[in-house]
Amino acid sequence: MYLKIEETIVKLITEAFQKASDRDLLPPVSLPPIELQIPRDNAHGDLASNIAMKVASQARRPPAETAKVILSLIEPELNQDTEIVRIEADPRKGFINFTINPSTLHEALRVILLSPGQWGESKAGEGKTALLEFISANPTGPLTVAHGRQAAVGDVLANLMKKAGFQVDREYYLNDRGRQMKILGSSVYLRRRQLHGEELDFPGEYYQGEYIINLARGIPDDLPVAEGKKFSELSEAEAIEYCGSYASTILLGMIKEELRDFGVKMDGWVSETELVAAGDVEKVLGELAERGSTYEKDDALWFRASSYGDEKDRVLRKSGGDLTYLSSDVAYHQEKYGRGYSAILDFWGPDHHGYIARLKGSMEALGLDPGILEIVIVQLTTLYEGKKKLSMSTRQGEFISLRQVLDEVGKDAARYFFVRRRKESHLDFDLELARSQTNENPVYYVQYAHARINSIFKKYTEKTGLDLPEFGQVDLAHLREPSELEVIKKLILFPGLIESAALTRQPHLLPAYLEDLAAIFHSYYNQHRVIGEDPEMTAARLALARGVQAVIAEGLDILGISAPDSM
RNA sequence: GCGCCUGUAGCUCAGUUGGAUAGAGCACCGGAUUUCUAAUCCGGUGGUCGCAGGUUCAAGUCCUGCCAGGCGUACCA
């Protein structure tokens with residue numbers, strides 16, 4: 001809807017410049033692309049153009065003067081039936097300001113009312129596919145708060161991209177082999193022996209958390225393991241391996257349960273073990289070698305990462321023969337490329353940023369377009385309880401898990417707080433605030449607007465004994481109050497906001513928008529009564545409220561948060 | 001040392017492709033409910049946009065240098 005108005009304005013301006021030069025009012029100019037902006041101060045109209053400043057030197061006169069000429073050529077064409085009803089020229093800087101016809105706004109609102117829940121959809125990503133890989137935590141312990149934020153950012157971005165027309169898949173990469181898994185097995189094994197009364201040192205590099213002891217408790221001596229053998233009959237090496245796979249299976253189950261409670265649904269799970277077993281890793285190492293991107297040094301196999309923008313070369317196969325994490329990651333990402341996605345997004349913590357160059361470099365070395373692979377770095381979260389900073393030392397094993405946060409504040413508040421700030425910003429997450437049912441809590445502020453509107457509807461049907469009107473058929477022309485038009489203008493911005501949040505990978509724009517919209521509505525609510533004497537006016541205002549409710553519901557749905565009917 | 005991120009009100013943070021007088025919430029002060037939910041609203045106090053240059057008609061936004069904080073700089077992931 002906004003786009004159509006913008007086209008109209010661009011056309012009016014372009015024609016005006018043509019006329020101006022035809023009539024010798026201005027010298028001929030070659031117009032740069034005409035950009036429209038929404039003025040911060042609504043005394044400046046609904047849309048503004050800075051074109052007079054852009055062409056100042058070409059037109060050889062001050063911007064304000066050019067603006068005046070353009071104004072005089074456009075103004076006569078405006079009337080109550082055009083999309084634009086008013087145009088002004090700013091005498092100081094030279095902006096040209098346009099005011100939209102209320103009937104244009106009413107028609108936009110009607111579109112929302114006719115297909116609620118779909119207003120935010122756009123075609124920006126039409127025909128494009130995207131794969132978002134996030135969390136991908138080793139199944140060696142509970143998910144952390146850092147994973148929680150990555151999950152929320154990744155999941156919401158996936159929803160946003162879907163709204164913007166992309167076909168989206170979510171995936172979890174399971175790093176279920178290698179060194180970390182060995183350490184997990186050993187940690188559980190050692191704890192188990194300690195439980196059996198042995199006095200043993202527990203090395204610092206082992207997993208320290210309490211959960212390891214609980215896992216160890218779950219393995220009795222007579223537990224039947226492979227081929228009729230009992231656990232107590234295994235050799236030490238077999239026992240450690242068994243402990244590892246036993247623990248990771250349980251931990252993976254916990255992770256899956258946690259994701260479900262957090263409202264994240266993965267479309268795929270890719271196992272590193274299976275990737276290696278299928279020979280994908282050896283195959284990609286062969287390809288890199290063929291392309292001359294690897295070499296042997298000190299008994300290890302190296303990738304020439306420094307030829308692709310990394311600061312140094314990287315090891316693919318250690319001198320002992322073990323593969324590094326990088327090799328399977330290269331294979332995995334090559335496999336992702338093979339699936340033909342237009343965009344491949346990985347969500348990582350800031351501690352992995354040094355890894356970007358080598359991974360993108362490896363794709364380039366394989367002849368793939370590194371531009372398709374986007375690494376999204378999501379900054380860390382510090383938990384607070386009011387003013388008190390909570391300890392999150394992983395080494396001590398006393399970090400706060402995502403599970404604890406979920407139990408404390410619930411899914412809605414947790415997701416909301418995780419995406420509320422720019423992903424580049426370090427996040428301070430105050431549990432006390434997220435838990436509080438007060439006006440300080442922005443989640444409730446937005447949800448309350450939704451519930452409040454529902455309450456108006458309920459009141460209306462109770463009071464009048466009538467059903468709600470057919471919103472798409474209501475005469476909206478009664479909505480003429482500035483605050484009513486303000487609400488509609490905000491609703492109109494929604495699809496563009498979704499599109500921009502999706503394309504710039506900035507999910508935090510959505511909560512900010514919803515808080516704005518809720519504020520505009522709460523203010524309107526306190527200023528005007530929806531249910532009044534005049535049935536037509538009441539119907540129009542109910543329709544306006546319905547429009548707000550539909551957009552808030554759609555926005556909350558994208559955030560993966562409930563839209564309560566009452567609070 | 002080098003690389004990435006950050007630096008905006010007392011606190012937590014927004015700030016669109018560079019645009020008009022830098023915004024919000026919290027905190028603090030003062031108000032609003034015989035009527036649709038006060039988890040709301042209205043008003044007020046509060047700023048060298050880290051510092052210094054540069055580009056531009058116009059810089060919180062772009063460029064350069066510096067300062068401060070976080071993270072990284074493994075044959076760990």
Side-chain angles (χ1 to χ4, degrees), chain A residues 33 35 37-41 43-44 48 50 52-54 56-57 62-63 90 92-95 97 136-138 140 175 178-180 183 205 297-302 310-312 314-320 322-326 329 349-357 377 379-380 382 384 387 420-430 433 436-445 447-449 451-460 462-463 493 496-497 500 504 506 508-509 511-512 515-516 518-519 521-532 538 541-542 545 566-567:
Chain A
E35 299 158 351
Q37 52 188 289
I38 300 165
R40 194 170 38 231
D41 184 347
H44 295 136
N50 58 4
M53 289 100 103
K54 292 268 189 205
S57 61
D90 159 54
R92 283 176 38 250
K93 308 210 69 162
F95 286 100
N97 301 325
S136 295
N138 298 350
T140 54
N175 185 223
R179 185 162 166 261
Q180 300 304 323
I183 294 176
E205 73 265 25
K297 193 183 102 187
D298 305 332
D299 275 337
L301 180 69
W302 294 73
D310 201 356
E311 49 188 46
K312 55 202 260 193
R314 306 291 175 177
V315 171
L316 290 162
R317 196 200 314 272
K318 304 179 210 173
S319 50
D322 286 345
L323 295 169
T324 59
Y325 183 80
L326 177 63
D329 232 2
D351 51 336
H352 285 61
H353 80 259
Y355 201 81
I356 298 173
I377 297 294
Q379 291 294 324
L380 295 176
T382 307
Y384 286 80
K387 298 270 182 214
R420 188 156 181 253
R421 299 304 185 201
R422 295 174 68 226
K423 62 187 184 321
E424 292 84 358
S425 287
H426 187 100
L427 177 71
D428 281 348
F429 190 141
D430 183 352
L433 175 62
S436 74
Q437 300 198 1
T438 69
N439 56 354
E440 298 166 35
N441 192 332
V443 191
Y444 291 113
Y445 185 82
Q447 289 181 322
Y448 183 57
R452 183 174 239 183
I453 290 167
N454 213 65
S455 163
I456 298 171
F457 293 161
K458 205 172 145 213
K459 193 77 182 183
Y460 174 81
E462 279 172 5
K463 199 169 162 182
L493 295 178
L497 176 107
S500 149
T504 62
Q506 294 292 4
H508 77 280
L509 295 174
E515 284 170 45
D516 264 6
F521 179 75
H522 282 311
S523 174
Y524 170 71
Y525 175 92
N526 275 273
Q527 208 181 329
H528 299 287
R529 296 195 59 77
V530 172
I531 303 168
T538 300
R541 288 186 168 172
L542 285 170
S566 68
M567 290 173 73

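Below, chain A is the first sequence line, B the second, and so on; all start at residue 1. What's counted below: heavy atoms across the whole structure, side chains too, no hydrogens, waters or symmetry copies.
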| said: With nearest nucleotide decided by heavy atoms, which residue, A/P63 or A/Y460, maps closer to the 5′ end of RNA chain B? | reply: A/Y460
[X] versus [Y]: any side-chain heavy-atom pair under 4.5 Å?
X: A/D298; Y: A/S319; result: no
X: A/I183; Y: A/T140; result: no
X: A/H522; Y: A/Y445; result: yes

| task | List the steps and the verdict of side-chain contact (heavy atoms from CB on, under 4.5 Å) for A/Y460 and A/R541. | result | CA-CA 12 Å; A/Y460 174 81; A/R541 288 186 168 172; over 6 Å; no
| request: Under the side-chain hydrogen bond (donor to acceptor under 3.5 Å, both in side chains) rule, collect the residues that match up with A/H44, sequence neighbours excluded. | output: none
| field | Partners meeting side-chain hydrogen bond (donor to acceptor under 3.5 Å, both in side chains) with A/H426 (sequence neighbours left out) | value | A/T382
Distance-only, no hydrogens or angles: does the [X] side chain make a donor-acceptor pair with backbone N or O of [Y] under 3.5 Å?
X: A/N50; Y: A/M53; answer: no
X: A/T538; Y: A/G532; answer: yes
X: A/N441; Y: A/L433; answer: yes

Could you tell me whether [X] contacts a base, only the sugar-phosphate backbone, or nothing, with contacts defined as non-hydrogen atoms closer than 4.0 Å?
X: A/S455; value: base
X: A/A451; value: base
X: A/F457; value: nothing

For [X] and [N], what is the distance between atoms [atom1] and [atom2] respectively, to the nearest whole Å?
X: A/M567; N: B/U40; atom1: CE; atom2: C1'; result: 12 Å
X: A/R422; N: B/G60; atom1: CZ; atom2: P; result: 17 Å
X: A/H522; N: B/G25; atom1: NE2; atom2: P; result: 12 Å
X: A/R541; N: B/C36; atom1: CZ; atom2: C1'; result: 12 Å
X: A/F429; N: B/C13; atom1: CZ; atom2: P; result: 13 Å
X: A/F521; N: B/A39; atom1: CZ; atom2: P; result: 15 Å
X: A/D430; N: B/G25; atom1: CG; atom2: P; result: 18 Å
X: A/L427; N: B/C11; atom1: CG; atom2: P; result: 18 Å

Using only side-chain N and O atoms of [X], determine if any of them is under 4.0 Å from OP1 or OP2 of [N].
X: A/R452; N: B/A38; result: yes
X: A/H508; N: B/G15; result: yes
X: A/S57; N: B/U56; result: no
X: A/Y445; N: B/A38; result: no

Integer angstrom distance from the [atom1] of [N] to that of [M]:
N: B/U64; M: B/C5; atom1: P; answer: 12 Å
N: B/A27; M: B/C11; atom1: P; answer: 16 Å
N: B/A14; M: B/A77; atom1: C1'; answer: 35 Å
N: B/C13; M: B/C49; atom1: C1'; answer: 13 Å
N: B/C76; M: B/G69; atom1: C1'; answer: 26 Å
N: B/A58; M: B/C36; atom1: C1'; answer: 47 Å
N: B/C67; M: B/G46; atom1: C1'; answer: 26 Å
N: B/A9; M: B/U61; atom1: P; answer: 15 Å

| request: Using the criterion of both pairing distances under 3.5 Å for Watson-Crick and G-U wobble pairs, give all stems of 3 or more consecutive pairs involving RNA chain B. | output: B:1-7 with B:67-73, B:10-13 with B:23-26, B:28-32 with B:40-44, B:50-54 with B:62-66
Find every protein N or O atom lying less than 3.5 Å from an N or O atom of nucleotides 17-24 of chain B, and list the pairs.
from  : atom 1 : to    : atom 2 : distance (Å)
B/U17 : O2     : A/E35 : OE2    : 3.2
B/G19 : N7     : A/N50 : ND2    : 2.8
B/A20 : OP2    : A/R40 : NH1    : 3.4
B/A20 : OP2    : A/R40 : NH2    : 2.9
B/A20 : N6     : A/N97 : OD1    : 2.8
B/A20 : N1     : A/N97 : OD1    : 3.2
B/A20 : N1     : A/N97 : ND2    : 3.2
B/U21 : OP1    : A/R92 : NH2    : 2.8

| said: Applying side-chain contact (heavy atoms from CB on, under 4.5 Å) to A/R421 and A/Q379, what does each step give before you reach the verdict? | reply: CA-CA 10 Å; A/R421 299 304 185 201; A/Q379 291 294 324; over 6 Å; no
| task | Take A/Y355 and A/R314 through the side-chain contact (heavy atoms from CB on, under 4.5 Å) test and state the conclusion after the steps. | result | CA-CA 10 Å; A/Y355 201 81; A/R314 306 291 175 177; over 6 Å; no
| task | Summarise how protein sits on nucleotides 68-77 of chain B as a single string, 5' to 3': B when a protein heavy atom is under 4.0 Å from the base, S for sugar-phosphate-only contact, - for no contact. | result | ---BSSSBSB
| message | Just to verify, what does A/Y525 make a side chain to side chain contact (heavy atoms under 4.5 Å, CB included) with, not counting sequence neighbours? | response | A/R452, A/I456, A/F521
| Approximate separation, where rounding is to 0.5 Å, of A/R179 CZ and A/L323 CG | 15.0 Å
